[in-house]
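To keep things clear, I will list the structure first and then write my remarks on it.
Throughout, a chain's letter reflects where its sequence line sits, starting with A, and its residues are numbered from 1.
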Protein chains: 2
Amino acid sequence: MNIALDYQARVPIYEQIVGEIERLVALNILSPGEQIPAIRELALTLGVNPNTIKKAYDTLESRGVIISKSTKGTFITDDVSVVKKTLVDSIVSDINEKIERLENIGLDKKEISKRLKL
Amino acid sequence: MNIALDYQARVPIYEQIVGEIERLVALNILSPGEQIPAIRELALTLGVNPNTIKKAYDTLESRGVIISKSTKGTFITDDVSVVKKTLVDSIVSDINEKIERLENIGLDKKEISKRLKL
DNA sequence: TTAATTGTACTAGAACAAATAGTACAAGGA
DNA sequence: TCCTTGTACTATTTGTTCTAGTACAATTAA
């Protein structure tokens with residue numbers, strides 16, 4: 001798994017891992033049911049402590065992105081559509097918040113549209 | 001000055017203050033040349049330590065938003081247009097980054113447009 | 001002149017979250 | 001049996017933020 005970490009960022013390592021795996025799922029690079037690396041293995045790969053990966057996996061499991069099976073391994077959930085939808089929704093509402101901020105500052109919708117890559 | 005602080009947020013207090021003052025400048029609520037509260041005064045108002053305000057003011061000064069004059073007080077910079085422009089630019093590029101992410105996930109520009117409040 | 005207010009500049013410590021280190025257990029598979 | 005898996009726990013380290021406290025110089029107002 002190709003995961004880039006930024007140790008300078010304010011975002012905790014474990015959350016960066018969560019975000020990257022969610023991104024890989026949304027991009028279909030990780031497929032439903034697919035097994036992902038064991039905690040210890042990914043810890044070695046990324047050069048972080050296993051507990052950090054454990055925390056990331058716990059978060060992903062609570063969000064329904066992955067399923068951990070004792071002694072078997074960890075797998076991408078079977079129904080990925082919900083994960084994708086949630087992710088898209090959150091990005092869209094993020095953008096809309098920022099559009100609102102631009103309007104408050106005094107830009108009108110036309111000016112804003114002009115500057116967006118659409 | 002009406003500044004709302006969120007003590008639960010991951011964003012440090014001093015950065016929240018920086019952001020709020022930049023926002024008030026962009027909204028023309030704080031005008032060029034206008035004096036803003038003394039460090040100790042704002043610290044009392046917001047219920048934080050003066051050093052925290054000092055750090056926020058230092059950051060704002062390094063960004064050219066305010067000017068601190070020893071024994072005089074602290075003032076909004078005379079040329080506010082640069083501040084506004086920088087702020088707008090950063091929001092716009094933020095939005096464009098997210099649009100790109102949505103495209104990577106598989107939405108086309110039309111679908112994205114439909115969901116934006118424009 | 002005197003007192004109050006201003007920004008500035010330090011050091012020290014408290015508080016908190018993140019990450020590390022280490023150990024141990026139970027269960028499945030080769 | 002031995003290895004790998006996820007799980008669970010405690011203790012420690014680290015870095016950042018924030019607080020606490022003190023002091024100084026310069027301006028302003030009484």
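- Nearest-nucleotide positions on DNA chain D place B:N49 closer to the 5' end than the other of B:R40 and B:N49.
- Summarising the geometry, the separation between CD on B:Q35 and C1' on C:dT5 is reported as 11 Å, rounded to the nearest angstrom.
- At the phosphate of C:dG7, OP1 or OP2 sits under 4.0 Å from a side-chain N or O atom of B:T74.
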- Message: Would B:D89 and A:R115 count as a side-chain contact (heavy atoms from CB on, under 4.5 Å) here? Give the steps.
- Response: CA-CA 9 Å; B:D89 284 352; A:R115 301 199 47 181; 2.8 Å; yes
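- B:N49 and B:K55 form no side-chain donor-acceptor contact under 3.5 Å, judged by distance and modelled atom types alone.
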- Task: Please assess A:E111 against A:K114 for the test salt bridge (charged side-chain N to carboxylate O under 4.0 Å, His left out), listing each intermediate value before the final yes or no.
- Result: CA-CA 5 Å; A:E111 286 176 283; A:K114 252 188 247 167; over 6 Å; no
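- Residue contacts for B:S70: at a heavy-atom cut-off of 4.0 Å it reaches the sugar-phosphate backbone alone, with no base atom in range.
- Under a hydrophobic clustering in which Ile, Leu, Val, Met, Phe, Trp and Tyr are joined whenever their side-chain heavy atoms come within less than 4.5 Å, directly or via other members, B:I91 and B:V83 fall into different clusters.
- Taking atom CG on A:D6 and atom C1' on C:dA18, their separation rounds to 15 Å, with Å as the unit.
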Please tabulate the protein-to-nucleotide N/O contacts below 3.5 Å involving nucleotides 10-14 of chain C, giving atom names and distances.
none

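- For the atom pair A:L118 CG and A:I112 CD1, the distance stands at 12.0 Å (nearest 0.5 Å).
- For the residue pair A:T77/A:D79, the side-chain donor-acceptor check at 3.5 Å is not satisfied.
- Side chain of B:E61 to main chain of B:S68: a donor-acceptor pair is present (N/O by atom type, distance under 3.5 Å, no hydrogens or angles).
- B:T52 places no side-chain N or O within 3.5 Å of a backbone atom of B:V48 that could act as its donor or acceptor partner.
- The distance from atom CD1 of A:I53 to atom P of C:dA18 is 15 Å, rounded to the nearest whole Å.
- The OH atom of A:Y7 sits 17 Å away from the C1' atom of C:dA17 (whole-angstrom rounding).
- When heavy atoms are screened at a 4.0 angstrom cut-off, B:Y57 is found touching no nucleic acid atom at all.
- In terms of position along DNA chain D, the nucleotide closest to A:K54 lies nearer the 5' end than the nucleotide closest to the other residue of the pair A:K54 and B:V48.
- First and last contacting nucleotides of DNA chain D toward chain B (any atom under 4.0 angstrom from a heavy atom, 5' to 3' order): D:dT17 to D:dT28.
- Comparing B:S68 and A:K72 by the nucleotide of DNA chain C whose heavy atom lies nearest to each, the residue mapping closer to the 5' end is B:S68.
- For the pair B:E41 CD and C:dA4 C1', the interatomic distance rounds to 14 Å; values are reported in whole Å.
- In this entry the distance linking CD1 of A:I39 with P of C:dC25 reads 19 Å, nearest Å.
- Comment: B:K117 does not engage A:E103 in a salt bridge, judged by the lack of any side-chain N to carboxylate O separation of less than 4.0 angstrom.
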